Number of protein chains: 2
Amino acid sequence: MNFNQVTIKDIARELGISPSTVSRALKDHPDISPETKRLVNELAEKLNYQPNVVALSLRSSKTNTIGVIIPEIVHFFFSTIISGIEDVAYSAGYNIIITQSNESLAREKSDLKALFNSRVDGMLMSISRETVDFEHIENILSKGMPIVFFDRIYDTPGSSKVIVDDKVGAKEATLHLIEQGCKRIAHLEGPPNLHISKQRLEGYREALSEAGLPFDESLVALCPKGTTEEGKLATEKLLSLKTKPDAIFASNDPAAMGAMQAIRQAGLKIPKDIAIVGFSNWQLSSLMEPPLSSVDQPGYEMGQEAARILIRHIELKSKKKPEPAPEVKLLKTRLIVRESSVKK
Amino acid sequence: MNFNQVTIKDIARELGISPSTVSRALKDHPDISPETKRLVNELAEKLNYQPNVVALSLRSSKTNTIGVIIPEIVHFFFSTIISGIEDVAYSAGYNIIITQSNESLAREKSDLKALFNSRVDGMLMSISRETVDFEHIENILSKGMPIVFFDRIYDTPGSSKVIVDDKVGAKEATLHLIEQGCKRIAHLEGPPNLHISKQRLEGYREALSEAGLPFDESLVALCPKGTTEEGKLATEKLLSLKTKPDAIFASNDPAAMGAMQAIRQAGLKIPKDIAIVGFSNWQLSSLMEPPLSSVDQPGYEMGQEAARILIRHIELKSKKKPEPAPEVKLLKTRLIVRESSVKK
DNA sequence: TTGAAAGCGCTAACAA
DNA sequence: TTGTTAGCGCTTTCAA
């Protein structure tokens with residue numbers, strides 16, 4: 001769009017000097033006389049000169065733009081990540097272009113291509129649920145595009161990634177319940193095709209084993225879709241066991257919410273009869289009744305960290321430094337203890 | 001960043017023709033012979049030629065990019081809006097650059113400037129809470145930048161805007177309660193400095209008056225910050241009135257959540273003793289216990305509509321058509337009826 | 001200390 | 001039907 005912005009030429013013409021001199025004066029080149037610098041800078045100020053970044057990009061082959069591919073924007077965790085990315089990028093002078101794949105592989109492919117064609121300097125990417133082959137990503141990587149993966153990563157040795165340590169988070173949550181005196185801790189397991197579900201189950205097992213408690217198969221209930229309804233049903237089953245559980249560690253907040261409903265309807269009290277801890281959505285868990293103890297995922301940090309790593313790669317690359325080694329960052333979760341798991 | 005992409009020159013050299021011929025052949029110019037076109041297109045395909053959009057932007061003074069300024073990304077309503085914007089922009093071949101002001105005027109100003117300098121073709125903007133003077137916006141508008149405001153608008157006659165009809169939404173919610181047989185409907189009023197709070201109160205009054213019910217000052221309780229705690233406290237007061245309300249219309253979901261807590265703690269049943277309707281966050285309200293009836297804000301539609309209007313403006317402008325008349329779009333809310341307000 | 005010229009990749013008016 | 005040239009705005013090498 002043509003907004004009739006002032007150019008270097010305009011300044012040069014007005015001052016009766018050449019564009020190259022203006023260019024040099026503006027960037028404080030040592031060759032230029034102080035007097036000329038003063039004149040140029042004053043006029044630039046007066047005319048409100050702003051360099052044309054498009055021209056700069058063309059010349060330098062650098063757009064100062066980062067492309068982001070995310071499965072879904074409308075999701076607390078992902079929007080938190082975007083916020084983290086935005087903050088770091090902003091401070092470093094980068095724009096971010098956002099695309100959402102809507103969990104579709106086709107859309108992810110076209111986003112990837114569009115961002116590549118927009119000549120972004122690097123990309124941050126979390127893959128869609130449909131993504132099972134990675135040719136489209138390999139293709140872009142092979143052209144030298146720096147990509148940092150986060151959360152839903154493409155697990156290839158050559159690239160950097162930022163993930164959350166779900167196993168340790170789950171372990172801490174379970175240990176917290178054990179510290180409260182719980183002996184029969186049930187686990188509502190999340191969608192089994194997701195890596196994170198396995199990690200959370202694993203953390204739960206490790207905690208039990210570390211505390212010398214038995215692992216009881218009948219206390220693990222699958223919630224394949226992670227919905228409230230499933231959580232409720234699964235909990236109803238658990239409550240009908242001969243020896244009821246005295247605590248529940250839920251793999252996700254909706255399931256935890258369902259569990260709460262079932263517990264309430266059975267006439268039991270939280271946390272007196274059954275303590276409960278959820279996983280992942282700070283916003284929701286604070287609003288539950290009673291407020292839900294929860295393993296908080298560090299979305300903001302994840303966005304920040306991914307952006308930092310990417311920008312580091314970009315800047316090294318543009319300085320033609322040796323290829324930086326891929327970095328893998330494992331972020332800690334934070335256990336937020338609220339009423340639902342504190343036995344008095 | 002230099003990804004050694006194939007250029008028109010490369011194709012020209014390989015084929016022993018001139019770059020301009022290649023350029024023309026690629027865009028199916030009538031002057032070029034079918035044979036040349038075939039050769040060019042085949043080679044372009046083979047070499048995977050992709051036009052350099054930065055060069056195109058420089059030449060055409062058009063970046064095919066829309067800038068978005070939003071107060072906060074991590075907010076269900078706003079992220080829904082972004083999603084709507086993204087979908088429309090994507091279909092029309094535009095990228096979106098997102099910035100968040102974090103409710104800070106200083107940040108809003110610098111975002112505005114950065115986007116302008118990035119030569120975006122137009123902007124979509126929702127102003128920050130701190131924004132009370134509009135010089136920075138006027139400044140950009142005066143340069144001819146198309147801006148469409150949404151939700152938190154800058155109410156100037158010359159520009160297009162998309163807003164939600166909060167008054168009608170509130171009225172419908174209140175009428176719904178009246179239809180359920182409620183006679184003493186309380187209102188939890190939101191932050192009084194926000195335009196929307198006034199609109200919602202107004203809709204509530206209109207509904208009462210239309211139904212021939214009296215407006216009772218003592219049934220309106222202010223929740224100045226819109227928190228759960230305030231909602232709880234306000235409701236406790238309402239429940240201590242000599243004649244209790246039989247329904248509550250809450251100006252926002254956290255307040256509604258607080259009201260539910262207070263009602264439950266007083267040993268009353270929802271909706272048997274008191275029915276309740278909230279405003280605005282679909283995601284939260286579906287998870288409440290019982291699921292909360294709610295006036296849903298059309299965030300996705302808002303994003304779509306704003307993007308559509310902006311793109312229309314941009315395309316008219318680039319065709320040097322006469323300045324399009326500003327459009328004002330008033331979006332309808334949707335009343336989602338759930339258990340909390342249905343009296344059997 | 002400054003200027004002329006070339007070039008980043010592309011398109012379009014003009015020439016042939 | 002195709003090629004030459006100029007130019008979008010900027011930087012930088014080379015020359016003065």
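Heavy-atom basis, side chains included; hydrogens, waters and symmetry copies ignored. So you know, we letter chains A, B, ... as the sequences are listed, proteins then strands, and number each from 1. Values in this document were obtained by computation on a predicted structure and should not be read as measured data.
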Discussion item. How many whole angstroms separate atom CD of Glu35(A) from atom C1' of dT2(C)?
Written reply: 15 Å

Discussion item. Nearest to the side chain of Ser33(B), heavy atoms from C-beta on, is which of dT1(D), dT12(D), dC10(C)?
Written reply: dT1(D)

Worksheet item: Taking for each residue the nucleotide of DNA chain D with the nearest heavy atom, is it His29(B) or Leu58(B) whose nucleotide lies nearer the 5' end?
Response: His29(B)

Item to complete: Figure out the CD1/C1' separation between Ile32(A) and dT11(D), and round it to whole Å.
Response: 13 Å

Worksheet item: Atom CG of Leu26(B) and atom C1' of dA12(C): how far apart are they, to the nearest Å?
Response: 15 Å

Worksheet item: Can you tell me how far C1' of dT1(C) sits from CZ of Arg38(A), to the nearest Å?
Response: 17 Å

Worksheet entry | Lys/Arg cation over aromatic Phe78(B): Arg152(B), 6.0 Å, 45° cone | no

Discussion item. Please confirm whether the shortest side-chain N or O distance from Lys9(B) to OP1 or OP2 of dC8(C) is below 4.0 Å.
Written reply: yes

Worksheet item: So does Arg24(B) reach the base of dG3(D) with its side chain, donor to acceptor, closer than 3.5 Å?
Response: yes

Fill in: Minimum-distance nucleotide (side-chain atoms of Ala55(B) versus dT2(D), dG9(C), dT12(D))
dG9(C)

Discussion item. Nearest whole Å is fine: how far is dT1(C) C1' from Ile17(A) CD1?
Written reply: 11 Å

Discussion item. Is there a side-chain contact between Lys27(B) and the phosphate of dT11(C), meaning an N or O under 4.0 Å from OP1 or OP2?
Written reply: yes

Worksheet, complete the sentence: Checking dG3(D), dT11(C), dC8(C) against the side chain of Arg59(B) (C-beta onward), the nearest is dT11(C)

Fill in: Listed nucleotide nearest any side-chain atom of Ser23(A), set dT12(D), dC10(C), dG3(C)
dT12(D)

Worksheet, complete the sentence: Out of dT1(C), dC10(D), dG3(C), minimum distance to the side chain of Asp31(A) belongs to dT1(C)

Item to complete: When you get a sec, tell me which of dG9(D), dA5(C), dT2(C) is the closest nucleotide to the side chain of Ser20(A)?
Response: dA5(C)

Worksheet item: Mind checking whether Ser83(A) and Val74(B) have side chains closer than 4.5 Å, heavy atoms only?
Response: yes

Fill in: Short side-chain N/O contact from Thr21(B) to OP1 or OP2 of dT2(D), under 4.0 Å
no

Fill in: Nearest-0.5 Å distance that lies between atom CG in Asp121(A) and atom CE in Met145(A)
8.0 Å

Item to complete: Pick base, sugar-phosphate or nothing for Thr36(B), based on heavy-atom distances below 4.0 Å to the nucleic acid.
Response: sugar-phosphate

Discussion item. Rounded to whole Å, how long is the line connecting atom CD1 of Ile8(B) with atom P of dT2(D)?
Written reply: 15 Å

Practice prompt. Counting heavy atoms from C-beta on, name the nucleotide in dG9(D), dG3(C), dC10(C) closest to the side chain of Thr7(B).
Written response: dC10(C)

Worksheet item: Would you say Pro71(A) and Gln100(A) make side-chain contact, with heavy atoms under 4.5 Å?
Response: no

Practice prompt. Quickly work out the Asp10(A) CG to dG9(D) C1' distance and round it to whole Å.
Written response: 10 Å

Worksheet item: Please give, in whole Å, the distance from dT2(D) P to Asp28(B) CG?
Response: 13 Å

Worksheet entry | Residue Asn52(A), side-chain atoms from C-beta onward, closest of dG9(D), dT11(D), dG3(C) | dG9(D)

Worksheet entry | Lys143(A) to Phe116(A) six-membered ring, cation-pi geometry met (6.0 Å, 45°) | yes

Fill in: Donor-acceptor pair between Ser118(A) and Asn95(B) side chains, under 3.5 angstrom
yes

